[in-house]
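The structure appears right after this line, and notes come after that.
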Amino acid sequence: MVLVGARLAYLQTSQHEWLSRRARQQQLDEELLSAPRGLILDRQGRELARSIDVDSFYADPREMEDVDAASAALGRVLNMDAVGLSTKLKEAKSARRGFVWLARRVEDGQAQAVKELKLKGVYSTEEQRRRYPNGALAAHVLGFVGLDAKGLAGVEQVYDAALTGEPGKRILDADAKRRPFESEGLDPQDGRTLVLTLDQTVQYIVERELAAALERTQAKSAAAIVLDPHTGEVLALANAPSFDPNDAAGASPEQRRNDALQNIYEPGSTFKVVAFTGALEEKLVTPETRIECPGSISLPGRVVHDHARGSLTATEALAKSSNVAAIKLGMKLGNERLYEYIRRLGFGSKTEVELPGETAGLIRPVSKWQPGSIGSVPIGQEVGVTPVQMAAAYGAIANDGVRVAPHLVREVRDAEGRTVERAEPESHRVVSAETAGMVRHMLESVTLNGTAKKAQLEGYTAAGKTGTAQKVDPRTHAYSQTKYVASFVGFAPLENPAVVIIVVIDEAVGLHQGGQVAAPVFAEIANQVLPYLDVMPDEQPDAKRPAGQLAANNAPATVLPTATPAGGATEHEGVGGGASNLPVVAERGGGEVGEVVYAAARERELLMPDLRGRSVRDVARICSRLGLELEARGEGRALRQSPEGGAALAPGQTVRIEFGRSD
Amino acid sequence: MRRLPQQYPNPHVRRQRDPRAARRQAALLVGCLFLACGFIYAVRQQILAVDYGYKTEALRREREGLLDEQRKLKLALEESSSPAKLEEAGRELGMQPARAAQIETASRVRRGGPEVFVGAASAGAALRR
């Protein structure tokens, strides 16, 4: 008894601390709880990125009896090189290392298969895996994370701190069999949720059309942005080629490159809007002011040629993308004022859109301009811009002269769903609303009569500007004769633009003009995006609407439009698969009824519509839809036409319309 | 010298019953019984607590597993409703993206024979007929 008592006293006094520690080690278990990385949502709340728990496998080679057999089995299940794995495990075993990663973040099916092998010395642990449910969609915006779940690109990188949660810790009381029966500790704090301004569907449309354009033009790359000019919200930002952020390691640097804000390019004619806007704002010209365009202009050190000739109004000069007119307006403004308008529209500085690697472009201060720079800068040479800068500048024109900084993140929410941060984009007036309105209408003429007829939309008015810039050959340091950047930047509808869209196509093979390769992509995107955004068509199929346009939208090559004189019932015939059962009757407010009947017609045949009484805009649009070349004379309403209505036409045939004032 | 007798008969002593002793014993017994019950109760409570601990931990793990499953299901839902998948499914059903011409800008009016659409003609609506 004395001995027992003495032993007890000894253990309770001198051995107390050590024994207590040992008991705690036996009874307590510590569990680290990883915090889920925050969600990334689009503007409609649809998930663009989410983290899930998956298994990672590791081995203790010291416990493995038959390394070769285990390696063969693991290699088969995990699609790994069994020989390489075996070598790695044997080396670790001989070095008496107790930990070797086998595979990290394994898919559920594979993980289950590994577990079913029940290999000795093979263990699993849970790790988080970032998943992007839409695959490559918005890859350049979202970015991706590394193996340690740290953001390495896109908003994943910029908002890494907010998206990363606080890990938790749990202390477990466990029994002899290590089964926990009590626990206490800190729960993990989920990462914050990022709500982007992107719209998943708009992004999809843009990426699809961009990929199609890349395939069609065999271009090196392409980029497009869709922007809401009133809020500065980026609805879509896409680059092609793209990559799947679920497998970012397999993507090349070219695929990962975000050209929409990292690619500095010489904008060419899309930049002419700066000189025209500046000249209008300074009241140096009006849209009707005539500018003499002799076909070339001599500048210090060079002669700039122009394809537009004659005495053109400022509107016509912009529509025809006259170099001489733009240079003359730039000269009227002078270096200082031209530079001021360049900077006012946001060129030469970062837009601060929430993505890494944005460049500010290349705008030299006036002090570094050459004597001949005034002949280059107004036509978009000697300057470098990014697509996002260009979109924001046209956004200012579309938004009545107020430039709203483009941004991608709408709000940040905490784990409980409370908004902790909301986007407050900077906005400021760059030109008057009156000037912006004039420029908008001048830009509409580009799509109606100018270089961007292929940017015309179905049911919506559109405005914009094409650009075709020669690239500088890095070997010769001179403008290349074969490499071009084709672009189109525009907005729609004209009076209250819902979207600004820029399309930039780099090094298209074959056709390389902005109006040929970029403008159709703009039209394809806008034709799908505007109805999706519930933007009401601003061109109704009433008496002003081109004959047979509805059918022409779907099958332009097989439309047979005929029309009775304005004021009476208008009858059209359409063709094509399925078009025969599309009876549509349109009524207008005044009780005047226009009846449009679509019926099957002979394939590939085209009849001349009766265009008399229609405006220049309507005639231009009808001819563009039907693939006819228009030769227009005069202004006002169509008075005479050749061929006459109902005459058979060949695709691409030239039609002559004489316009005038009937009064 | 006085000698004591060899044998003395013991007087027959009858001890008087002490009622307090019986009460003490009863109280002791009741106390012990109470303590034993308390001990058994405490042990039972402890066992129940440990048992509930096991259950709580199992439920906690089950909850974590279910939350994990929920996250995976949400991901699967997003994957299956991605625009690319929806377009693929839509095209299989013979549908195509909406165009401007398919937007009805005013209410439909039926007058006599054929349907009349006020405002923009709606090819989509016509198709639905």
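The sequence lines fix the lettering, A, B, ..., with proteins before strands; numbering per chain opens at 1. All figures in this text were calculated on a predicted structure; none of them were measured in a lab.
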Is A/Glu184 atom CD crowded by more than 12 heavy atoms from other residues, nucleotides or ligands, each under 6.0 Å away?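 No, because the 6.0 Å sphere around CD of A/Glu184 holds 12 heavy atoms or fewer from other groups.
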Should the heavy atoms of other residues, nucleotides or ligands under 6.0 Å from CG of A/Leu28 be counted, would the total exceed 12?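 Correct, the count exceeds 12.
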Between A/Arg179 and B/Glu57, does at least one N-O distance fall below 4.0 Å, as a salt bridge requires?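 B/Glu57 and A/Arg179: not salt-bridged.
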Do the non-hydrogen side-chain atoms of A/Pro180 and B/Arg61 ever get within less than 4.5 Å of each other?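 A side-chain contact under 4.5 Å exists here.
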Do B/Lys74 and A/Glu47 have side chains that approach each other closer than 4.5 Å (heavy atoms only, starting at C-beta)?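 Yes - at least one pair of side-chain heavy atoms lies under 4.5 Å apart.
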Any donor-acceptor pair under 3.5 Å from B/Lys72 side chain to A/Asp53 backbone: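 Yes, because the side chain of B/Lys72 sits within donor-acceptor range (under 3.5 Å) of the backbone of A/Asp53.
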Non-hydrogen atoms of chain B under 4.5 Å away: do they reach the side chain of [X], the backbone, both or neither?
| X | value |
| --- | --- |
| A/Arg170 | side chain |
| A/Glu182 | backbone |
| A/Asp173 | neither |
| A/Glu31 | side chain |

Starting at [atom1] of [X], measure out to [atom2] of [Y] and round the result to the nearest 0.5 Å.
| X | Y | atom1 | atom2 | value |
| --- | --- | --- | --- | --- |
| A/Thr201 | B/Glu87 | OG1 | CD | 10.5 Å |
| A/Arg129 | B/Leu75 | CZ | CG | 10.0 Å |
| B/Glu78 | A/Tyr132 | CD | OH | 14.5 Å |
| A/Leu48 | B/Ser82 | CG | OG | 11.0 Å |

What are the two closest heavy atoms between A/Tyr204 and B/Pro83, and how far apart are they?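 Between these two residues, the closest heavy atoms are CG-CB, 3.4 Å.
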Which atom pair, heavy atoms only, marks the closest approach of B/Arg71 to A/Ser51?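 Smallest heavy-atom distance, with atoms named: CD-O, 3.7 Å.
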Interchain contact, B/Glu79 with chain A, by part (heavy-atom threshold 4.5 Å):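 Interface part for B/Glu79: both.
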Side chain to side chain contact (heavy atoms under 4.5 Å, CB included) assessment of A/Asp175 paired with B/Tyr54: CA-CA 10 Å; A/Asp175 62 14; B/Tyr54 281 122; 2.4 Å; yes
Based on non-hydrogen pairs under 4.5 Å, which of A/Ile205, A/Leu137, A/Ile52 is most in contact with chain B?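 Ranked by heavy-atom pairs under 4.5 Å with chain B, first place is A/Ile52.
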